[in-house]
Protein chains: 2
Amino acid sequence: MTTSLSRGPYKPGRIREQSRDLILQAAEAEFACHGFRGATMQRIAESAQVPKANIHYYFSNKLSLYGSVLENTLNLWDTVFNELSSHDEPADVLSRYIDAKINFSRTHPTASRLFAKEMISGAPHLSAYLQQDYRLWFKQRMSVFESWIAQGKMDNIDPAHVIFMIWASTQYYADFEPQILIATQTEQLTEQAFINAASSIKQIILKGCGIKY
Amino acid sequence: MTTSLSRGPYKPGRIREQSRDLILQAAEAEFACHGFRGATMQRIAESAQVPKANIHYYFSNKLSLYGSVLENTLNLWDTVFNELSSHDEPADVLSRYIDAKINFSRTHPTASRLFAKEMISGAPHLSAYLQQDYRLWFKQRMSVFESWIAQGKMDNIDPAHVIFMIWASTQYYADFEPQILIATQTEQLTEQAFINAASSIKQIILKGCGIKY
DNA sequence: TCAATAGCTGTCTAATTAGTCAACTTTTCA
DNA sequence: TGAAAAGTTGACTAATTAGACAGCTATTGA
């Protein structure tokens with residue numbers, strides 16, 4: 001962007017990051033609600049309270065903006081993924097992981113929804129990520145479960161389905177919030193509601209897998 | 001629709017239903033993939049291989065088409081909902097319900113995805129349905145679980161979370177198919193894969209809830 | 001057979017869309 | 001302080017959008 005020989009009297013500013021983050025935050029909400037095609041740059045601009053042209057100053061086009069939003073989300077995601085460590089007892093490991101996942105659903109519901117929408121659409125913008133980090137992560141965790149089964153620490157259940165069940169159950173409280181609110185006759189999901197959900201999920205998963213606790 | 005006094009020499013044709021269904025099918029796929037805002041009438045028309053004006057002959061506007069698609073989907077949904085009957089032993093009832101739900105994910109993945117997208121967007125077009133049929137259904141099933149708990153037929157777990165867990169786990173195999181395919185390193189989910197999934201879910205839910213089987 | 005109605009579609013329009021650009025203001029630092 | 005670069009934005013464009021409509025063909029039943 002800058003000419004190579006310019007020793008211009010200017011340093012890349014920190015306004016940049018501030019404005020970028022403001023736009024990214026508005027974009028995340030809009031993309032999570034309406035998907036890539038359904039979101040409009042105009043609505044994102046209004047939500048972030050900046051002119052539309054300002055978005056195009058920071059992001060070359062809509063796809064690039066979406067890519068940046070996804071990247072942000074995946075970084076958050078990875079943090080939770082790594083919570084599932086291989087040492088310690090199965091009960092501790094899974095309990096901590098379920099707590100971390102439920103906590104993510106509570107604190108980052110739009111990130112969860114964005115990811116879900118992308119998946120339901122066939123994950124056209126996630127193939128690279130899924131093929132790399134995710135695939136490796138999944139394989140490694142599978143082998144942890146298998147060693148637990150071999151050691152008689154849990155029942156002989158296909159670990160893949162256990163992981164899917166944990167993901168599905170925990171993300172449900174972010175993705176399907178309207179359904180839960182109406183079923184439970186409440187106005188909004190409190191922190192206590194998430195704690196209760198985590199507790200029930202842990203109880204069923206641990207006992208259901210025959211894990212001592 | 002027909003003027004009340006017309007004894008015109010024409011009977012409402014059956015071409016109507018045929019063409020409507022063709023359009024509805026294409027619309028379901030498009031809406032499931034791109035959401036309400038992201039879907040376009042042009043793409044639906046191309047997918048159904050009819051001129052765009054033909055869609056507007058059968059459906060007054062985009063929202064009306066979306067409403068008809070949702071209505072179709074909800075009718076299918078109700079069928080599965082009713083599978084959870086109140087008599088018989090918990091193990092039988094839940095086993096049959098989980099099988100029915102997994103089967104729905106296999107045979108009607110787009111319906112499941114459409115419903116999921118609508119939910120993630122905040123269910124703006126489903127409030128009426130959710131407030132009526134769904135709310136009543138949920139209350140009734142909750143009381144069935146509670147009677148099981150009172151009879152000592154299952155552990156004391158909040159039934160709402162059990163139901164959410166079953167819904168989440170079974171719908172996951174339709175909604176998050178790309179993630180599962182990459183994790184399991186397969187090209188597509190076979191019928192056997194769904195059977196295995198149902199088997200694992202049943203095992204965990206039943207044992208996890210302390211239900212004898 | 002034929003007229004009445006259902007069914008169909010090419011062509012148009014007004015609104016919205018993503019993206020461009022040149023002119024402008026603000027920030028930086030030597 | 002001043003000039004260079006970063007940051008900003010109103011006004012524009014070309015493409016796409018949902019939808020309207022007039023005129024057409026196909027189907028029906030008496």
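Convention: sequence-line order gives letters A, B, ...; per-chain numbering from 1. We use all heavy atoms of the structure for the numbers below, so side chains are in, but hydrogens, waters and symmetry mates are not.
- The CD-P distance, from A/Gln18 to C/dT27, rounds to 12 Å in whole Å.
- For A/Phe138 and A/Phe164, the ring centers are positioned less than 6.0 Å apart.
- Rounded to whole Å, atom C1' of D/dG19 lies 19 Å from atom CZ of B/Arg43.
- Below 30°, between 30° and 60°, or above 60°: for B/Tyr172 and A/Trp167 the angle between ring planes is between 30° and 60°, a tilted geometry.
- Separating the CD1 atom of B/Ile44 from the C1' atom of D/dG19 is a distance of 14 Å, rounded to the nearest angstrom.
- Not counting sequence neighbours, B/Arg37 has no partner by the salt bridge (Lys or Arg N to Asp or Glu O under 4.0 Å) test.
- Among the heavy atoms of the strands, none lies under 4.0 Å from B/Ala45.
- B/Tyr129 and B/Asp78 share a side-chain donor-acceptor pair at under 3.5 Å.
- OP1 or OP2 of D/dG7 sits under 4.0 Å from a side-chain N or O of A/Arg16.
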Pairs: protein N or O with nucleotides 8-14 of chain C N or O, under 3.5 Å:
| unit_1 | atom_1 | unit_2 | atom_2 | d |
| --- | --- | --- | --- | --- |
| C/dC8 | OP2 | B/Tyr58 | OH | 2.4 |

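- Atom CG in B/Leu63 sits roughly 16 Å away from atom C1' in D/dT17 (whole-Å rounding).
- Out of C/dT20, C/dT17, D/dA18, the shortest distance to the side chain of A/Gln42 is found at C/dT17.
- Straight-line distance from the CZ atom of A/Arg37 to the C1' atom of C/dT16: 16 Å, rounded to whole Å.
- For the ring pair (Phe, Tyr, Trp, His ring centres under 6.0 Å) test with A/His125, the passing option among A/Phe115, A/Phe36, A/Phe31 is A/Phe36; the others fail.
- With values rounded to the nearest 0.5 angstrom, A/Asn54 atom CG is found 12.0 Å from A/Arg20 atom CZ.
- Here the P atom of nucleotide D/dG19 and the CE atom of B/Met41 are 6 Å apart, to the nearest Å.
- Between A/Lys117 and A/Leu114, the closest side-chain pair of non-hydrogen atoms is not below 4.5 Å.
- The distance from atom CZ of A/Phe59 to atom C1' of C/dA18 is 16 Å, rounded to the nearest whole Å.
- Per the geometry, CG belonging to A/Asn61 stands 17 Å off P belonging to C/dT17, to the nearest Å.
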